[in-house]
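Below you'll find the structure, written out as structure tokens, and then a few comments.
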Amino acid sequence: MSNLRLPERPGEVIDRGTPLSFTWNGKSFTGHRGDTIASALTANGVEVFARSMKYKRKRGIMTADHWDPNLFVQVGDEPNVRAGSRRLEAGMQVSAQNVWPNLNFDVGTANQVVGRFLSSGFYYKTFMRPKWFWHNVYQRVLRKFAPGGRIHWETSTHGAYDKRYAHPDVLVAGGGPAGMAAAVSAAEADAKVMLVEHEPELGGHLRWGDADDLAALAELRSAVDAHPNIEVLLDSTVTGRYDHNWVAVMQRSHDIAPERLVKARVGSLVVAPGLIERPYVFSGNDTPGVMLSGAARRLINLWAVKPGSKAVVLSANPEGDAVIADLEAAGVEIVAALDARAGDDIAEVKGSGRVSKVVLGDGRTVDADLVVTATGWTAPTSLLNMAGDRPVYDPSAARYFPNQVPDNVLATGGITGNGSTAELAAHGTATGTLAANRALRLRHARRAAASRARSPEGPRPEVLEDTRTPLARVPHPECYLSSGANAKKGMVDYSEDVAAKDLVQAAGEGFDSIELMKRYTTVTMGPTQGKLETVNAAAVLAKARQMEMVDIGTTVWRPPYAPISLGALAGRIFEPVRRSALQDWHDAHGAAPLLAGQWVRPDHYGDPMGEALNVRENVGIIDVTPLGKLDLRGPDVTKLLELVYVNKWQKLDIGRVRYGTMVAEDGVVSDDGVTGRLGEDHYLMTTTSSGAGAVWEMLEDYLQTYRPEWDVHVTAVTGGLTSINVAGPKSRELLLRLVDGVDLSPEAFPYFNVRRGTVAGVEDCIIWRIGFTGELSYEVHVPSGHALHVWEALLANGEDLGIKPFGVESQRILRLEKGHYIVGQDTDGLTKAPSAGLGGLVKLDKPDTLGLPELKAAYERTDLPVLVAVQPDDPQLVPTEADQIVDGDSNRILGRITSSRMSPTLGRSVCLGQVDPSLAAAGTSVTILLVDGRRTTGTVQEHHAHVDPEGVRQNV
Amino acid sequence: MAKHGYTYSAGKLLKHGLSSGAWPRMWRRPEARSSYDVAIIGGGLHGLATAYYLAKEHGITNVAVLDKGYLGGGGSGRNTAIVRSNYLTPEGVAFYDRSLDLYNTMAQDLNLNVMFSRRGHLTLAHTDSALRTMHWRAEVNKLQGIDSSVIDEHEVKKQAPSLDTSKDTRYPILGALYHPPGGIVRHDAVVWGYARAADHLGVHLLQETEVLDILCEDGEGPEGKGAGGRVTGVRTNRGDISAPAVVNCTAGWASLLSNMAGVTLPITTHPLQAAVTEPCKVFLPTVVVSGSLHVYVSQTDRGELVFGASVDPVGTYRVNGTLEFTEELAGHVLELMPGISKMRLLRQWSGLCDMTPDYSPVMGTTQVDGYFVDVGWGTYGFKAGPVAGETMAETIATGRDADLIAPFHISRFTEGDLVGEKGAAAVGH
Amino acid sequence: MIVVPCPNCGPRNSSDLRPCGEITSRPDPATASLSEWRTYLYLRENPAGWVTETWYCRSGCRRYFTIERNTATNEIRDSEVS
């Protein structure tokens with residue numbers, strides 16, 4: 001391999017003292033610190049980096065930066081790495097991707113031969129018959145052509161990604177001369193500034209410029225470095241601007257995280273990205289050896305790499321003219337220096353794997369291995385688009401310019417016009433001052449707006465008028481499509497292998513707006529997202545439709561500005577789980593964990609059936625902390641309860657507990673629970689675990705927006721009180737040993753009552769007698785700091801009573817035996833109160849309750865489904881929950897099983913189900929369709945409760 | 001297939017390749033007439049399909065499809081192209097199954113390869129209650145002849161090996177609803193297929209034609225709009241067009257247009273966002289949906305992962321997208337597939353979804369004679385496009401709501417019952 | 001991530017709050033007809049422009065308050081406690 005490294009260059013960024021070894025397709029190479037992968041390989045004489053997507057054409061370096069469409073490589077387990085911008089590291093294993101079997105010989109090149117048949121959208125027009133052929137053969141082949149590298153999902157892991165919030169007054173996107181100057185002037189105006197630069201160093205195009213450029217750069221950079229108000233993020237990209245100036249920055253220069261997402265709430269966003277050089281469309285324009293002037297200058301001046309030996313240069317601007325001196329200084333022979341302003345042109349480039357001949361516009365053919373074009377610029381207006389701007393094309397300058405941006409976004413630098421370094425910096429300075437003024441005014445207003453926020457310092461700054469002198473728009477020829485006879489064979493989209501002729505064809509077929517053309521041909525849809533392609537595509541369309549560029553418009557630039565890894569977007573994955581104060585104990589005692597909504601809970605301790613039976617026979621305890629608990633205080637609590645529950649609450653004496661069901665305003669059952677009256681104006685409400693948050697917010701909503709005059713204070717105490725249900729015939733006996741200050745006798749403390757007392761020495765516990773399990777049971781609410789003590793005291797004192805802890809599964813068995821329904825399982829999104837079998841609970845004569853008109857309407861209907869208890873006629877058969885109840889042998893659905901379990905108490909299966917009202921009468925036989933397709937029968941029961949329908953056990 | 005169409009085939013591809021001859025236009029750019037039998041507002045999948053079936057099945061060809069932008073520029077071009085029929089309610093299943101049938105033969109019917117990839121559709125269950133809902137859907141589906149069943153986590157792993165099916169995750173995969181006929185379709189091609197076929201049958205496709213008002217008479221509201229009245233046409237940026245039947249086939253702007261006829265809709269408009277990664281070699285063979293994690297994902301034949309989520313919580317007509325969508329999406333995708341952190345998000349976009357209270361559409365006749373709606377499609381309009389067109393065409397041609405769409409009539413919101421898809425449709429892709 | 005001005009807590013990221021939609025006026029449930037009730041439940045103006053809507057300061061002071069927001073631009077005017 002040849003060595004194309006040049007002698008030292010004044011602005012070079014490589015550290016010649018630090019060689020780095022790496023491999024390319026398995027072969028060892030050496031580069032230097034400061035090289036990109038591409039510059040190191042080019043210095044070693046590598047000319048071909050990739051194969052094109054469709055025709056598998058060889059592709060070489062073209063822009064030598066992040067946007068280079070030909071430099072996508074695999075590095076280790078990371079696909080689609082931009083070799084044009086990724087810094088070289090020692091030991092990198094780099095390989096070409098999307099080639100088979102290898103880069104030098106790819107069988108897909110056969111597509112070049114048949115390429116004339118693979119016109120744009122060809123796949124829409126064929127492979128339709130026979131139908132199986134598409135699915136079984138062609139689709140599989142097409143997938144093999146999927147471009148891109150390989151993701152190693154089997155072995156890759158989520159890395160140490162991180163995120164950061166930032167609140168700069170001014171964020172400057174782009175660290176070229178205008179951006180640096182804007183940052184300095186904004187900082188001098190007392191704004192906190194974040195300056196973000198895509199490349200690893202500040203300077204923009206000055207970095208690969210001449211001696212004057214380097215001197216200007218040094219001066220600007222030292223001004224930036226000197227200012228303490230400026231934070232500089234290098235190797236970082238502003239990837240998106242969202243509403244209210246929420247700005248995303250992808251920082252690749254962080255010490256630890258491979259990529260860090262910085263989320264900035266920005267006062268003023270200054271957009272100073274400079275310009276992106278545009279490729280020129282001519283036949284052979286994707287041949288290795290054809291590159292843009294910026295690429296040649298960067299290779300020579302930043303990395304001291306000689307890009308070729310015999311060059312044809314086509315220039316339409318001063319930057320293009322400057323490349324000639326750089327090439328000559330690098331020892332490249334200039335075969336032809338063509339001036340597009342004078343009508344010179346390139347007709348066609350020939351060569352396979354490397355440029356060999358160039359046909360000039362005047363018909364001459366010259367030998368060359370390098371073609372450098374400088375035919376114009378694309379304004380990367382993405383951030384402005386995201387802020388609502390629709391840039392407008394100016395034919396005299398041959399590019400788009402910003403049009404209308406909101407006040408909190410300002411553009412400066414090359415994107416707004418042309419100028420000397422001094423002129424660009426001056427515009428940046430004025431822009432920075434303006435940006436600071438607007439940001440500081442906003443900061444002041446925000447601080448003044450909120451009484452509880454930090455108050456502003458001093459008076460609000462006066463409005464500064466925008467008196468900036470716009471940068472000039474230097475005339476530039478419209479160089480898009482070569483005049484050569486075969487120009488339309490030239491590539492417009494390198495990533496997608498879309499040539500100009502493909503676009504012309506699409507326009508002729510009716511895809512004659514830029515968006516339709518994009519969708520049909522996939523032009524601009526590849527990884528460079530149109531930065532190199534969009535304007536050329538619009539130019540080709542304009543020519544095909546004989547329209548002006550101005551009337552064509554462009555596709556909408558969408559975020560992100562540059563692709564972001566999923567890892568960086570995810571950051572540290574944080575999915576917390578709520579744990580009760582007893583969960584450590586459960587874990588230590590063999591509980592099977594059950595993830596239920598936000599919570600992890602004990603499902604069982606090894607024997608759910610046995611644990612359930614023990615509750616029926618002895619005593620068990622269960623941790624029911626996730627039950628929603630709301631402490632309600634105030635003189636108007638009764639009014640609130642009347643409003644949100646379907647039943648009546650006027651006459652609830654102190655010390656009493658009542659069950660209540662809630663419906664939403666549409667009459668659908670939304671939650672249920674019990675509420676107890678602890679004092680004159682003090683209640684405790686419980687809700688379902690999953691409904692706890694929603695009920696709380698609902699109560700606040702009605703209290704604040706509907707009845708603000710009511711005096712009620714709601715405090716959520718779900719986690720503050722640990723809830724332990726002590727259930728079973730021996731529960732009273734157990735509590736007698738531990739409770740002080742409460743008369744536990746059935747006469748003094750009957751069913752559905754609440755008392756406050758001391759449990760195991762813990763004062764101020766709330767105890768209520770309720771019975772989800774159907775047994776004599778007490779629910780003890782303990783301040784969570786003492787929960788473990790009480791739990792262990794219960795176990796220790798109940799040993800001789802046969803106490804066992806039980807979990808959620810046993811509770812589900814017990815409640816089903818008892819026929820208690822669960823909101824959301826036995827009811828669904830359409831279940832209105834009458835369907836849930838609430839019968840007499842619902843009071844329609846209240847003046848106001850949620851969903852009252854819907855409840856009234858529902859109670860007049862006879863066609864609503866009914867919740868019933870069902871027992872399968874085969875007592876050992878447990879239907880799956882959600883098995884359908886059907887009409888005999890037909891497929892007509894008449895209901896479904898909503899809950900089912902084997903009952904240890906009865907030794908048979910028991911169910912709840914929703915059925916058509918025609919099946920609701922006790923004794924009705926229903927047909928249940930099992931998952932395996934068999935049909936079985938069951939019988940509708942008189943009561944929901946399969947066990948103890950009279951409630952004797954809970955009332956003792 | 002067509003009155004004056006041009007049939008695509010491998011032979012034609014060969015001929016054009018050899019001769020380099022130009023392909024004919026897929027559709028014309030016609031001059032608008034001053035009156036049509038039917039004016040359809042919205043040149044997306046629903047409007048074009050309605051026009052096509054009006055012409056093909058009912059012989060009504062004096063039809064205009066009006067779009068303020070370009071064909072398929074709204075939801076039709078912004079969705080994630082998933083089709084399935086494993087809904088929860090019998091009404092939903094019957095409806096979407098007909099749609100799937102139409103997708104199945106669409107390439108042949110329309111003579112355009114819409115690249116229907118029947119790759120299978122997995123709806124993951126991370127909780128036992130989700131698993132119960134999956135069983136419910138599977139059982140309802142089976143009773144209506146739909147290929148749908150609940151599979152366990154081992155079978156899930158076989159279908160999609162890159163999913164993390166280990167137990168010690170925050171959202172363990174307990175199983176999935178597996179629906180083999182579900183898959184993805186090239187969404188733009190469906191739009192173009194209907195557009196081309198409708199054009200060939202004589203329908204006028206009027207792009208860049210914005211409806212500014214719906215003209216009515218005899219209604220109880222101002223300007224003759226509202227209940228009891230009838231439509232007489234539309235006012236556009238290119239002049240008035242008279243039509244005795246006006247069909248609202250829009251998404252995102254359905255409320256605004258319907259208000260022009262004096263018909264208020266039960267709709268709030270929310271953006272639904274989607275995103276796509278850079279291409280990688282294909283590794284995900286099926287469509288994967290997780291309701292708990294609010295994400296769905298499939299990999300195109302080009303190798304890009306296409307992601308979607310649930311609608312944005314804040315109702316807005318903005319379609320510029322949010323950063324938090326991409327952050328949550330990435331976090332949730334990596335919960336499911338921890339090995340793909342190094343894939344890069346290439347592009348995000350957003351479309352407008354008209355959400356109804358019961359996650360079902362509003363279709364058919366309205367209280368204004370001659371004003372028809374095909375709106376409120378939430379996040380599932382693409383799946384339903386073909387059958388919506390077919391049933392709306394029948395409804396317009398006969399003046400009576402087609403049987404399949406009777407449950408979706410607007411009157412259900414003032415009387416009658418809502419449809420029960422809400423529970424299953426929260427992230428129902 | 002838009003900024004929503006809570007009257008108590010000041011400007012907050014919208015993820016700290018819950019949007020509750022267009023403000024509605026609840027008819028008297030004792031006298032409302034079913035059709036009036038369902039108009040309240042389901043029908044919405046859904047304008048593309050200024051709308052008065054309720055937000056809940058979920059992670060902050062837990063107040064419900066209203067703001068005017070332009071649904072076409074996401075521009076926000078003042079807030080007030082309900």
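The chains referred to below are lettered A, B, ... by the order of the sequence lines, with proteins before strands, and numbering in each begins at 1.
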Contacts of B:R132 that satisfy salt bridge (Lys or Arg N to Asp or Glu O under 4.0 Å) - sequence neighbours left out: A:E881

From CD1 (A:I573) to CG (B:L334), nearest 0.5 Å: 5.0 Å

Pairwise side-chain contact, B:T326 with A:I564, heavy-atom cut-off 4.5 Å (strictly under): no

Top contributor to chain A contacts, counting heavy-atom pairs under 4.5 Å, from B:P279, B:G303, B:G331: B:P279

Closest non-hydrogen atom pair, A:L566 against B:A330: O-CB, 3.3 Å

Contact origin within B:F325 toward chain A - heavy atom pairs under 4.5 Å: neither

Atom pair CD (B:E278) and CG (A:N80), whose distance is rounded to the nearest 0.5 Å: 4.5 Å

Region of B:M337 in contact with chain A, defined by heavy-atom distances below 4.5 Å: neither

Segment of A:L261 engaging chain B (4.5 angstrom heavy-atom cut-off): side chain

Distance, nearest 0.5 Å, that separates OH of A:Y124 from CH2 of B:W192: 4.0 Å

Winner by heavy-atom pair count (cut-off under 4.5 Å) against chain B, out of A:R150, A:Q529, A:H158: A:Q529

Per-residue contact mode, A:R861 against chain B (heavy atom under 4.5 angstrom): side chain

Part of A:Q505 lying under 4.5 Å from any heavy atom of chain B: side chain

Portion of A:F574 that has a non-hydrogen atom of chain B nearer than 4.5 angstrom: neither

Under 4.5 Å from any heavy atom of chain B - which part of A:R519: both

Largest heavy-atom contact set with chain A, pairs under 4.5 Å, which of B:H332, B:Q207, B:R186, B:E208: B:R186

Interface moiety of A:T898 toward chain B, non-hydrogen atoms closer than 4.5 Å: backbone

Pairs of heavy atoms under 4.5 Å with chain A: top-ranked of B:M115, B:M134, B:H135: B:M115

Chain B contact via A:P576 - side chain, backbone, both or neither, heavy atoms under 4.5 Å: backbone

Among the listed options A:E154, A:R572, A:K263, A:H152, the residue most often paired with chain B at heavy-atom distances under 4.5 Å: A:K263

Heavy-atom proximity to chain A below 4.5 Å, by part of B:T169: backbone

Toward chain A, the part of B:Q299 with a non-hydrogen atom under 4.5 Å: neither

Contact winner vs chain A - B:E328, B:K12, B:R318, heavy-atom pairs under 4.5 Å: B:R318

Minimal non-hydrogen separation, B:S341 against A:G159, with atom names: OG-N, 4.4 Å

Closest non-hydrogen atom pair, A:Y520 against B:M26: OH-CE, 3.7 Å

B:N320 versus chain A, the contacting section by heavy-atom distance below 4.5 Å: both

Residue selection (most heavy-atom pairs with chain A, distance under 4.5 Å) from B:G73, B:S129, B:P161, B:A138: B:P161

Chain B contact via A:D77 - side chain, backbone, both or neither, heavy atoms under 4.5 Å: both

Beyond-backbone contact of B:D188 with A:F511, side-chain heavy atoms, under 4.5 angstrom: no

Max heavy-atom pair count under 4.5 Å with chain B, selected residue of A:G240, A:A248, A:P560: A:P560

Region of A:T157 that comes under 4.5 Å of a non-hydrogen atom in chain B: backbone

Chain A contact via B:S162 - side chain, backbone, both or neither, heavy atoms under 4.5 Å: both

For B:R302 against A:M525, the heavy-atom pair lying closest together: NH2-O, 4.4 Å

Side chain, backbone, both or neither of B:H126 within contact of chain A (heavy atoms, under 4.5 Å): neither

Portion of B:K142 that has a non-hydrogen atom of chain A nearer than 4.5 angstrom: side chain

SB check B:R344 A:E78 (cutoff 4.0 Å): yes

From A:L929 atom CG to B:E139 atom CD, the distance as rounded to the nearest 0.5 Å: 6.0 Å

Side chain, backbone, both or neither of A:Q74 within contact of chain B (heavy atoms, under 4.5 Å): neither

Residues forming a salt bridge (Lys or Arg N to Asp or Glu O under 4.0 Å) with B:E335, sequence neighbours excluded: none

side-chain contact (heavy atoms from CB on, under 4.5 Å) partner of B:K342, chosen from A:I151, A:V75, A:V81: A:I151

CZ on A:R812 to CG on B:D128, rounded to 0.5 Å: 4.5 Å

Euclidean distance, B:Y70 OH relative to A:I514 CD1, rounded to 0.5 Å: 11.0 Å

B:R196 and A:E509 ion-paired at < 4.0 Å: no

Under 4.5 Å from any heavy atom of chain B - which part of A:A857: neither

